[in-house]
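Since the structure comes first, as structure tokens, the remarks are kept for the end.
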Amino acid sequence: MVRTRFAPSPTGYMHIGNLRTALYAYLIAKKNNGKFLLRIEDTDQKRTVEDSVEVIYSSLSLAGISYDEGPDKDGGYGPYIQSERRDIYRKHIEELISMGKAYRCFCTKEELDRDRDEFSKRYPDKPFRDKCRDLTGSEIKAKTDQIASCVVRQRIPETGTTTFTDIVFGAITVENNTLDEQVLMKADGLPTYNFANVIDDHLMEISHVVRGYEYLSSAPKYNLLYESFGWKIPEYIHLPHIMREDGKKLSKREGDASFQDLLDLGYLPSAIINYIAMLGWNPGTEEEYFTLDDLIVKFSPERINRSNAIFTRDKLTWLNNIHIKKMPFEEFQKKASEYYPKDLSSRYDIEKIGKLIHERLETFVQIKDKTDFFLKVPDYDISLYENKKMKSDPATAKIMLEKIIPVFDTVTEWNNETVFSAMNELIQKEGCKSGAVLWPVRIALSGKLSTPGGASEIADIIGKAETAARLKAAVEKLGE
RNA sequence: GGUUCCAUCGGCUAACGGUUAGGCCACAAGGUUUUCAUCCUUGUAAUCGGGGUUCGAUUCCCCGUGGGAUCACCA
């Protein structure tokens with residue numbers, strides 16, 4: 001049974017890299033008809049942000065990544081929140097100490113700083129070894145009686161090597177004497193991530209450990225722990241990082257986009273998922289559009305890349321347009337309704353407007369900019385009438401606009417077709433290029449260089465009276 | 001600095017040791033068009049450097065260079 005997990009710490013911020021880790025873990029589980037679980041790594045009480053578990057729940061839910069087991073969905077392997085598992089960790093740390101694979105350290109912060117400093121001067125190429133590692137039984141007892149709290153460190157073998165295999169990076173071997181003796185249990189009685197993840201992954205029967213690349217160098221130490229307990233070592237899948245354009249890591253402080261930020265910018269969850277799935281992975285074909293269900297079928301961890309990828313919005317934006325176009329119109333309108341300017345739907349046929357913008361939207365936040373001219377023509381410069389290809393300039397535009405006004409006046413049934421043929425009528429009569437009429441009319445009606453739809457489509461939507469008013473205003477503007 | 005990982009167009013990436021090194025985004029040009037939107041076509045653009053191994057290296061090995069990760073009572 002394949003079992004994977006996503007184990008975020010509740011910091012209140014779901015960045016793209018985290019989400020991708022969750023996605024890959026989810027895909028690996030689902031692809032193998034396995035289980036995907038959510039575990040909350042809240043062993044750092046200082047860092048835990050209130051309500052941030054909600055951010056995790058809602059992000060996963062919006063992304064469509066559902067878990068089979070989690071804090072609010074017991075699957076028999078709980079609790080799924082690490083701060084509720086203290087007794088489990090305590091039991092295992094005792095076991096490790098009695099096996100001699102871990103030891104208590106009584107050093108204070110100050111002692112540690114000093115000792116580390118001294119140690120690095122004497123042995124610049126060796127990892128720090130704490131003096132408490134060689135305490136005898138009676139010394140430990142004396143310290144225990146004297147000092148209330150202590151931490152527990154992992155004891156690393158002096159010699160030998162440790163090898164582990166990662167599905168992405170292959171076999172990696174390190175000398176044990178380059179590994180540091182990390183803290184497993186903190187003075188507050190909670191385990192560090194380094195200890196908790198091993199205990200929990202084993203107890204929760206995680207078969208494939210999917211996590212960020214930053215844990216790769218700790219993996220040998222985890223292996224040593226598994227070996228001490230005599231536990232089966234899981235498959236490792238370490239993921240390369242997602243970087244920003246300047247090569248730095250994505251960070252909340254620098255204001256880099258989180259999942260939530262991207263949603264706020266008008267990106268669809270399905271597009272974001274599609275995009276991040278391909279940051280570091282590809283199906284081996286030239287397909288680029290994937291739904292979450294497609295990914296479950298196509299995804300394979302063997303095809304994950306080893307190098308870091310840079311996150312840019314260009315391709316995400318392009319992909320978002322593809323996803324928008326694939327949305328059924330009804331669904332599109334429902335989502336778009338959150339973005340239309342106020343009053344737009346009460347004044348005009350919102351369905352016609354929706355059809356016009358559906359195919360030409362990159363993000364939903366563009367809706368306002370693309371539709372606000374329906375309500376009010378913006379203050380524009382008459383240079384917009386200048387277009388060589390369309391044989392239009394302010395002077396000819398004024399003439400054409402003056403001529404089209406009476407023609408439009410005779411149109412009785414007002415719609416896209418009749419308006420268009422009315423303009424065609426004038427074009428025929430004048431024997432001019434169609435752009436000479438179409439261009440200025442569109443500018444006059446919209447005040448914009450680029451609009452969703454052409455002149456007659458806009459005229460149709462805003463109606464005969466409004467069209468006449470706008471044309472008249474434009475002529476006046478051009479007369480100045 | 002120790003350990004370790006990575007390295008193909010500007011970005012994401014493809015290529016049993018044999019390809020004119022392919023695709024997508026972005027960019028540029030042209031075309032279609034009721035818009036400078038959409039759509040279509042074309043183009044610019046890459047194997048980090050140096051040594052090997054090999055008939056042949058983007059691919060395998062070594063060295064260098066560059067970048068990343070890690071070395072917390074954070075995860």
Side-chain angles (χ1 to χ4, degrees), chain A residues 7-11 41-44 46-47 82 105 107 109 112 116 120 123-128 149-153 166 168-170 172-175 177-180 182-194 196-197 211-220 238 240-241 243 245 247-249 275 278-289 303 305-319 321 325 356-357 359-361 370 387 389-390 416 419-420 423-424 427 434-435 437-439 441-443 446 448-458:
Chain A
S9 59
T11 58
E41 307 250 353
D42 62 343
T43 57
D44 182 4
K46 273 170 271 172
R47 237 173 76 154
Q82 289 186 328
C105 166
C107 296
K109 178 99 174 60
L112 228 37
R116 245 197 280 264
S120 67
Y123 311 104
D125 293 349
K126 291 197 169 189
F128 177 62
S149 66
C150 63
V151 304
V152 180
R153 289 180 184 280
D166 183 274
V168 175
F169 290 94
I172 294 169
T173 300
V174 296
E175 300 276 341
N177 64 15
T178 64
L179 266 18
D180 57 283
Q182 60 189 353
V183 170
L184 300 178
M185 189 66 84
K186 297 180 281 183
D188 64 4
L190 280 167
T192 58
Y193 168 86
N194 297 316
N197 92 82
R211 51 155 86 108
Y213 173 76
E214 67 271 27
Y215 299 106
L216 191 74
S217 58
S218 300
H238 286 95
H241 284 150
M243 320 291 274
E245 291 194 68
K248 296 218 175 76
K249 273 215 293 189
Y275 177 70
M278 288 196 300
L279 272 186
W281 172 86
N282 76 84
T285 65
E286 285 179 353
E287 298 167 278
E288 304 240 57
Y289 171 84
R303 291 195 66 89
N305 271 302
R306 279 184 278 274
S307 48
N308 294 340
I310 295 174
F311 174 91
T312 59
R313 257 169 47 197
D314 281 347
K315 195 156 182 176
L316 170 61
T317 300
W318 167 76
L319 214 38
N321 169 263
K325 285 195 278 198
L356 242 33
I357 63 171
E359 304 248 313
R360 30 193 138 203
L361 221 49
K370 285 193 187 288
N387 187 302
K389 213 172 126 192
M390 294 297 149
N416 184 28
V419 172
F420 185 54
M423 288 189 290
N424 247 333
I427 290 159
S434 44
V437 172
L438 299 172
W439 181 268
V441 171
R442 193 179 61 82
I443 298 297
S446 68
K448 290 201 165 191
L449 208 48
S450 172
T451 53
S456 61
E457 287 164 322
I458 295 167

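Residue numbers begin at 1 in each chain, while the letters A, B, ... track the order of the sequences. Quick note: numbers below take in every heavy atom, side chains included, and nothing from hydrogens, waters or symmetry partners.
As rounded to the nearest Å, B:U44 and B:A37 have C1' atoms that lie 25 Å from one another. Separation of the C1' atoms belonging to B:U53 and B:U59 is 13 Å when rounded to the nearest angstrom. Between the C1' atoms of B:G23 and B:G17, the separation comes to 23 Å (whole Å). With both ends at atom C1', the span from B:A15 to B:C62 equals 25 Å, rounded to whole Å. Using P as the reference atom, B:U58 and B:U47 are 11 Å apart when rounded to the nearest Å. Rounded to the nearest Å, the gap between the P atom of B:C48 and that of B:A7 is 9 Å. With both ends at atom C1', the span from B:U8 to B:G67 equals 16 Å, rounded to whole Å. Between B:A14 and B:C24, the distance separating the two P atoms is 15 Å to the nearest Å.
Across B:C36, B:U38, B:G1, the shortest atom-to-atom separation from the side chain of A:W439 is found for B:C36. Of the candidate nucleotides B:C39, B:U13, B:U4, B:C39 has the atom lying nearest to any side-chain atom of A:K325.
Partner assigned to B:U58 is none, using Watson-Crick or G-U wobble distances below 3.5 angstrom. In this structure, B:G66 and B:C6 make a Watson-Crick or G-U wobble pair, each of the two defining distances being under 3.5 angstrom. Judged by Watson-Crick or G-U wobble contacts below 3.5 Å, the nucleotide B:C39 has B:G31 as its partner. For B:G17, there is no paired base (Watson-Crick or G-U wobble, both distances below 3.5 Å). Shown here, B:U47 forms no base pair; nothing in the strands shown gives a Watson-Crick or G-U wobble contact with both key distances under 3.5 Å.
Looking at A:D166, its side chain does come within 3.5 Å of a backbone N or O of A:H238 through a donor-acceptor pair. Put simply, the side chain of A:K389 never gets that close to the backbone of A:G435: no donor and acceptor are under 3.5 Å apart. Side-chain atoms of A:D188 come within 3.5 Å of backbone atoms of A:L190 as a donor-acceptor pair (strictly under, hydrogens ignored). Here the side chain of A:Y275 pairs no donor or acceptor atom with the backbone of A:W318 at under 3.5 angstrom. Between the side chain of A:R442 and the backbone N or O of A:L449 there is at least one donor-acceptor pair closer than 3.5 Å. Formation of a donor-acceptor pair under 3.5 Å by the A:S9 side chain with backbone atoms of A:T11 is not found in this model.
Distance check: A:N308 CG to A:K249 NZ gives 10.0 Å after rounding to the nearest 0.5 Å. Going from atom CG of A:D180 over to atom OG of A:S218 covers 7.5 Å, rounded to the nearest 0.5 Å. The distance from the CG atom of A:L356 to the NZ atom of A:K370 is 11.0 Å, given to the nearest 0.5 Å.
Between A:Y213 and A:F169, the two ring planes are tilted [angle within 30° to 60°].
The neighbour count for A:Y123 OH, taken as heavy atoms of other residues, nucleotides or ligands under 6.0 Å away, does not exceed 12.
Side-chain nitrogen and oxygen atoms of A:R442 include none within less than 4.0 Å of the OP1 or OP2 phosphate oxygen of B:U33. Considering only side-chain N and O atoms, A:R306 lies under 4.0 angstrom from the phosphate OP1 or OP2 of B:C6.
Mapped onto RNA chain B by nearest heavy atom, A:L449 and A:I310 fall at different nucleotides, with A:I310 at the one closer to the 5' end. Toward the 5′ end of RNA chain B lies the nearest nucleotide of A:R303, the other residue of the pair A:R303 and A:M390 mapping further downstream.
Taking atom CG of A:L179 as the reference point, atom C1' of B:G2 lies 12 Å away to the nearest angstrom. The nearest whole Å value for the distance from the CD atom in A:E287 to the P atom in B:U13 is 17 Å. For A:I458 and B:U34, the CD1 to P distance is 15 Å, given to the nearest whole Å. Rounded to whole Å, atom C1' of B:U4 lies 12 Å from atom NE2 of A:H238. Atom-to-atom, CG of A:L279 to P of B:C6 comes out at 19 Å; the value is rounded to the nearest Å.
Note on A:G280: only backbone sugar-phosphate atoms sit closer than 4.0 angstrom, heavy atoms only; bases stay farther off. Looking at heavy-atom distances under 4.0 Å, A:N197 makes no contact with the nucleic acid at all. Using a 4.0 Å heavy-atom cutoff across all strands shown, A:S456 reaches at least one base atom of the nucleic acid. Nucleic acid contact class of A:T312 (heavy atoms, under 4.0 Å, all strands): sugar-phosphate only. When heavy atoms are screened at a 4.0 angstrom cut-off, A:F420 is found touching base atoms of the nucleic acid.
Every residue two or more places apart in sequence or in another chain was checked for a salt bridge (Lys or Arg N to Asp or Glu O under 4.0 Å) with A:E457, and none qualifies.
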Sugar-phosphate or base contact per nucleotide [nucleotides 64-75 of chain B; S, B, -; heavy atom under 4.0 Å]: ----BSSSSBBB
Heavy-atom protein contacts under 4.0 Å, nucleotides 19-31 of chain B, coded B base, S sugar-phosphate only, - none: ---SSBSS-----
